Protein chains: 2
Amino acid sequence: MENQQIKRAGLKVTAPRVKILGILEKSRKRHLSAEDVYKQLLSQDEEVGLATVYRVLTQFESAGLVCRRNFEGGQSVFELNSGDHHDHLVCVKCGKVVEFVDTLIEERQSQIAADKGFRIQDHSLVIYGVCPGCQSQD
Amino acid sequence: MENQQIKRAGLKVTAPRVKILGILEKSRKRHLSAEDVYKQLLSQDEEVGLATVYRVLTQFESAGLVCRRNFEGGQSVFELNSGDHHDHLVCVKCGKVVEFVDTLIEERQSQIAADKGFRIQDHSLVIYGVCPGCQSQD
DNA sequence: GAAAACGTGAGAATCTTTCGCATTGTTTTG
DNA sequence: CAAAACAATGCGAAAGATTCTCACGTTTTC
């Protein structure tokens, strides 16, 4: 269960942390900004400050529990780290996120980095588009 | 010459605009943040406000002259739009940028978007790593 | 169960980016 | 080429996102 993940990260199990992790788990389809998480906490009548949300998210990130993404638009969004590296398809209208993994692309990336002499550390691939649901609303 | 590009964008040819475009042209190897551009202007004893730098960069972006990228880290960086869509290899140590185009990856992306029913609009692929020069400094 | 260490909320502070507005510069027109 | 017409600039203020500070509350340790 969630508490174990928090403990394993070397963090104490506190109400804000458990709540935030729970919110992230319930929102795998739509990655959340710190503000989004904060609003959900408020709507659940939780007394959590925005600063704490940022703190906890940053701690979770360091612990490898969540990933921070810098999509377009001012704020970062966070998603639960499912372990496997994956890329994103983001709907520019509704914000819906679809994750995918493509071995072929991963291989080409390693190849390209090697060609240029780079020692690869990480990568980020985001495809922006309009999802099926939003297309029908045009 | 540069002034033509500015005019074609429907903008008046002013000192700040010409200078900023010139700075971007000289820095194709390392994409610049608005702050970076501003500092270079100052070091050239140009009287340009930071607000103008942002304004001009945004205008250039709308005009398709430059592209704004949201790499990791708080600020956006800008690069001259060379017309062709390309992706990036960024050195996490020195900030050096290498651009590349890979048809195979582009094709896979279209394929993936199609599979998921998305109407693709844009995409962003960034590989983070350590460049050859920085590797030898370890 | 007291001390030490950690976690929290609230607001201040910081950083990046944008805005408002009086002033200045560029282009157009005659 | 001067004046009108309007766009562009610089400055400081403002906004939005994120982090920091600090006094207070909770957990852990022994």
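Quantities reported herein were computed from a predicted structural model and do not represent experimental measurements. Quick note: numbers below take in every heavy atom, side chains included, and nothing from hydrogens, waters or symmetry partners.
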(request) Nearest whole angstrom, please: distance from the P of dC6(C) to the NZ of Lys7(A). (result) 17 Å

(request) Report the distance from atom CD1 of Ile20(A) to atom P of dG7(C), rounded to the nearest whole Å. (result) 13 Å

(message) Is it true that Thr58(B) and Arg55(B) share a donor-acceptor pair across their side chains at a distance under 3.5 Å?
(response) no

(message) Let's see if you get this right: which residues in residues 49-59 of chain A place a heavy atom under 4.0 Å from DNA chain D?
(response) Leu50(A), Ala51(A), Tyr54(A), Arg55(A), Thr58(A)

(request) Using only heavy-atom distances, determine whether the side chains of Gln40(A) and Asp36(A) contain a donor-acceptor pair under 3.5 Å. (result) no

(message) Donor-acceptor check, side chain of Gln135(B) to backbone of Val130(B), threshold 3.5 angstrom: yes or no?
(response) yes

(message) With rounding to the nearest 0.5 angstrom, report the CG to CD distance, Leu104(B) to Glu107(B).
(response) 6.0 Å

(message) Categorize Ser76(B) for me: base, sugar-phosphate, or nothing, with a 4.0 angstrom heavy-atom threshold over every strand shown.
(response) sugar-phosphate

(message) Taking the nucleotide of DNA chain C with the nearest heavy atom to each, does Lys12(B) or Glu35(B) sit closer to the 5' end?
(response) Glu35(B)

(request) Please state how far atom CD in Glu47(A) lies from atom P in dA10(C), giving the value in whole angstrom units. (result) 6 Å

(request) May I ask you to decide if the ring planes of His31(B) and Phe71(B) are parallel, tilted or perpendicular, using 30° and 60° as cut-offs? (result) parallel

(message) Using a strict threshold of under 4.0 Å (side-chain N to carboxylate O), is an ion pair present between Arg28(A) and Glu79(A)?
(response) no

(request) Using atom types as modelled and distance alone, determine if a side-chain donor or acceptor of Ser27(B) lies under 3.5 Å from a backbone N or O of Leu24(B). (result) no

(message) Just the rounded figure in Å: distance from P of dC6(C) to CZ of Arg17(A).
(response) 11 Å

(request) Could you tell me the separation between the CD1 atom of Ile6(A) and the P atom of dG7(C), rounded to a whole number of Å? (result) 11 Å

(request) Using atom CG of Asp36(B) as one end and atom P of dT17(C) as the other, report the distance to the nearest whole Å. (result) 10 Å

(request) Let me know which of Leu125(B), Val98(B), Val126(B) forms a side-chain contact (heavy atoms from CB on, under 4.5 Å) with Leu89(B). (result) Val98(B)

(message) More than 12 heavy atoms of other residues, nucleotides or ligands under 6.0 Å from CD of Glu99(A): yes or no?
(response) yes

(request) Could you state the atom-to-atom distance from CD of Gln75(A) to P of dT16(C) in whole Å? (result) 17 Å

(request) In whole angstrom, give the distance that lies between atom NZ of Lys39(B) and atom C1' of dC15(C). (result) 12 Å

(request) Give the first and the last nucleotide of DNA chain D, reading 5' to 3', that has any atom under 4.0 Å from a heavy atom of chain A. (result) dA17(D) to dT28(D)

